[in-house]
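Predicted model only: the values in this text are computed from it and were never measured.
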Amino acid sequence: MTEHTSPEIILYDLACIKNACFSPVVWRIRLILNYKCIPYRTVFVEFPDIEPTMKELGLACHDANSGSNAKYTVPVIRHIPTDICIMDSPAIAEFLEATYPTPPLPLTSELGREIETKARRAVAPTFGRSIVPREIHILSPRSQEYFRRTQEARLGQRLEDLCEPAKEKEIWEVMSDKIRAAGELMLTHQADGPFVLGAQPSYTDFFIAGSLQSARMISEDVFQRFHSYPGFMEIYMACAPYLEKKD
């Protein structure tokens, strides 16, 4: 895609003071767009503006049983040729694969599901301690106020208390073996290529790389921790060409 190509997709992303993508769930979609060379432009939205922006697009809120803590979330895309708007990464991924099938991107596999499940269980607790409380530092003042108010109400404690050094060290030690086991699974097909399934990327690769890129945008120190584990950096580096467009 060149800068003169008319966009076919508008990607709604979270705003931050770095003017670049930092959300792991948005990175999954951005990676797909970059991999498939789909021309798109980004609209960055501040946290308190997400709900009114998505309502204006005519989107229905998340179902009460969706598990989401918010009525509206990013990513959202608007497909300009059809004026279709879609919210949520899995639904967007399915639409993009159906609409832009070349190059193909496997959205699911038995190995991929196992990796995603184990990675979520292993990495989510560490990100909860190390990434979530530091996210506030890359937000604008308006979004900082919203983020602190909503997250501290949800978590029942101050953000600063989450990354208290002793507690942070403890959670990484507790989860270390599980992180390593998830990483080892990522190398199952390393003889066939650098990605989870071998020579070509899949949605699981973008799930992994997007999470690591998100960590890197928020805290380089946390990102560097994953050099200690197998698999993670191999997948990240394999996906590097699709991480270049961040805005």
Side-chain angles (χ1 to χ4, degrees), residues 10-30 42-78 85-93 116 119-168 170-172 175 207 210-223 225 246-247:
I10 298 175
L11 174 64
Y12 292 84
D13 196 350
L14 278 176
C16 75
I17 60 176
K18 295 185 176 184
N19 294 316
C21 182
F22 74 95
S23 165
V25 291
V26 180
W27 259 118
R28 296 171 201 169
I29 300 308
R30 192 177 290 276
T42 304
V43 173
F44 286 109
V45 184
E46 298 283 349
F47 267 110
D49 297 331
I50 292 174
E51 183 170 334
T53 299
M54 303 319 162
K55 283 182 176 179
E56 189 174 329
L57 289 174
L59 285 162
C61 65
H62 285 297
D63 184 271
N65 299 318
S66 68
S68 174
N69 295 311
K71 291 181 180 180
Y72 294 89
T73 56
V74 293
V76 165
I77 66 163
R78 181 164 78 87
C85 294
I86 306 172
M87 180 169 62
D88 209 17
S89 296
I92 294 171
E116 289 177 36
R120 280 193 178 96
R121 291 174 180 170
V123 175
T126 63
F127 274 25
R129 285 284 180 191
S130 296
I131 292 296
V132 172
R134 292 181 170 93
E135 185 175 331
I136 197 167
H137 300 305
I138 66 168
L139 302 178
S140 71
R142 280 187 69 231
S143 285
Q144 283 185 354
E145 186 282 327
Y146 178 93
F147 185 79
R148 180 179 292 280
R149 173 167 47 82
T150 57
Q151 290 299 307
E152 290 184 348
R154 180 177 70 86
L155 298 167
Q157 58 183 309
R158 295 171 66 249
L159 292 174
E160 289 77 8
D161 295 337
L162 286 171
C163 55
E164 192 275 324
K167 293 178 181 178
E168 189 175 7
E170 179 183 13
I171 195 63
W172 281 91
M175 303 309 298
F207 168 87
S211 297
L212 292 173
Q213 182 67 8
S214 173
R216 191 170 204 177
M217 289 292 297
I218 295 167
S219 171
E220 182 70 24
D221 289 343
V222 175
F223 171 76
R225 285 177 181 260
K246 301 177 174 69
D247 56 16

message: Any heavy-atom pair between the side chains of Phe127 and Arg120 that's under 4.5 Å?
response: no
message: With a 4.5 Å cut-off on side-chain heavy atoms, are Arg225 and Thr126 touching?
response: no
message: Pro24: which residues meet the side chain to side chain contact (heavy atoms under 4.5 Å, CB included) condition with it, sequence neighbours left out?
response: Ser211, Ser214
- prompt: Which pair of heavy atoms, one from Ile131 and one from Ser219, lies closest together, and at what distance?
  reply: CD1-CB, 4.4 Å
task: Quick one: list whatever passes salt bridge (charged side-chain N to carboxylate O under 4.0 Å, His left out) with Glu170, sequence neighbours left out.
output: none
message: Less than 4.5 Å apart, side chain to side chain, heavy atoms only: is that true for Thr53 and Tyr12?
response: yes
- prompt: If you look at every heavy atom in Leu162 and Leu155, which pair is closest and at what distance?
  reply: CD1-CD1, 3.5 Å
- prompt: Ile77 and Ile10: side-chain contact (heavy atoms from CB on, under 4.5 Å), yes or no, with the steps?
  reply: CA-CA 5 Å; Ile77 66 163; Ile10 298 175; over 6 Å; no
field: With sequence neighbours excluded, residues passing salt bridge (charged side-chain N to carboxylate O under 4.0 Å, His left out) with Arg30
entry: Asp13
statement: For Ala215 and Phe223, the nearest pair of non-hydrogen atoms, with its separation, is C-CB, 4.3 Å
- prompt: Passes side-chain contact (heavy atoms from CB on, under 4.5 Å), Thr73 versus Ile50? Steps please.
  reply: CA-CA 7 Å; Thr73 56; Ile50 292 174; 5.7 Å; no
- prompt: Between NE2 of His62 and CE of Met54, what distance do you get to the nearest 0.5 Å?
  reply: 9.5 Å
statement: Rounded to the nearest 0.5 angstrom, the CZ-CG distance for Phe44 and Asp247 is 6.0 Å
- prompt: Under 3.5 Å, side chain of Glu152 to main-chain N/O of Arg158, donor-acceptor pair present?
  reply: no
- prompt: Please, which pairs that meet salt bridge (Lys or Arg N to Asp or Glu O under 4.0 Å) have at least one residue in residues 44-56, sequence neighbours excluded?
  reply: Asp49-Arg142, Glu51-Lys55
query: Just by modelled atom types, is the Val25 backbone N or O under 3.5 Å from a matching donor or acceptor in the Ser89 side chain?
result: yes
task: Identify the two heavy atoms, one from Ser130 and one from Val222, that lie closest to each other, and give their separation to 0.1 Å.
output: CB-CG2, 3.7 Å
- prompt: Quick one: CZ on Arg78 to CD1 on Ile86, what's the gap to the nearest 0.5 Å?
  reply: 12.5 Å
statement: OG1 of Thr42 to CG of Asn19, rounded to nearest 0.5 Å, is 11.0 Å
message: So Phe22 and Arg216, do their side chains get closer than 4.5 Å, heavy atoms only?
response: no
Sub-4.5 Å side-chain heavy-atom contact between Ile17 and Leu139: no
- prompt: What is the distance from atom SG of Cys163 to atom CD1 of Ile171, rounded to the nearest 0.5 Å?
  reply: 13.5 Å
message: How close do Ile138 and Cys16 get, counting heavy atoms only, and between which atoms?
response: O-CB, 3.1 Å
Tyr72 side-chain N/O to Leu59 backbone N/O, donor-acceptor pair under 3.5 Å: yes
Whether over 12 other heavy atoms sit under 6.0 Å from Lys71 NZ: no
task: Could you go through the side-chain hydrogen bond (donor to acceptor under 3.5 Å, both in side chains) check for Gln151 and Arg154 one step at a time?
output: CA-CA 5 Å; Gln151 290 299 307; Arg154 180 177 70 86; 2.7 Å; yes
field: Any residue meeting salt bridge (charged side-chain N to carboxylate O under 4.0 Å, His left out) with Arg121, in chain and number order, not counting sequence neighbours
entry: none
From Leu57 atom CG to Cys85 atom SG, the distance as rounded to the nearest 0.5 Å: 4.5 Å
field: salt bridge (Lys or Arg N to Asp or Glu O under 4.0 Å) contacts in which one or both residues fall within residues 128-139, not counting sequence neighbours
entry: Arg134-Glu168
message: When you measure from the side chain of Ser143 to the backbone of Ser140, do you find a donor-acceptor pair of N or O atoms at a distance under 3.5 Å?
response: no
query: Are any non-hydrogen side-chain atoms of Val45 and Leu14 less than 4.5 angstrom apart?
result: no
task: Could you check whether the rings of Phe47 and Phe147 sit parallel, tilted or perpendicular, using 30° and 60° as the cut-offs?
output: tilted
field: Atom of Ala122, atom of Pro125 and distance for their closest heavy-atom approach
entry: O-CD, 3.6 Å
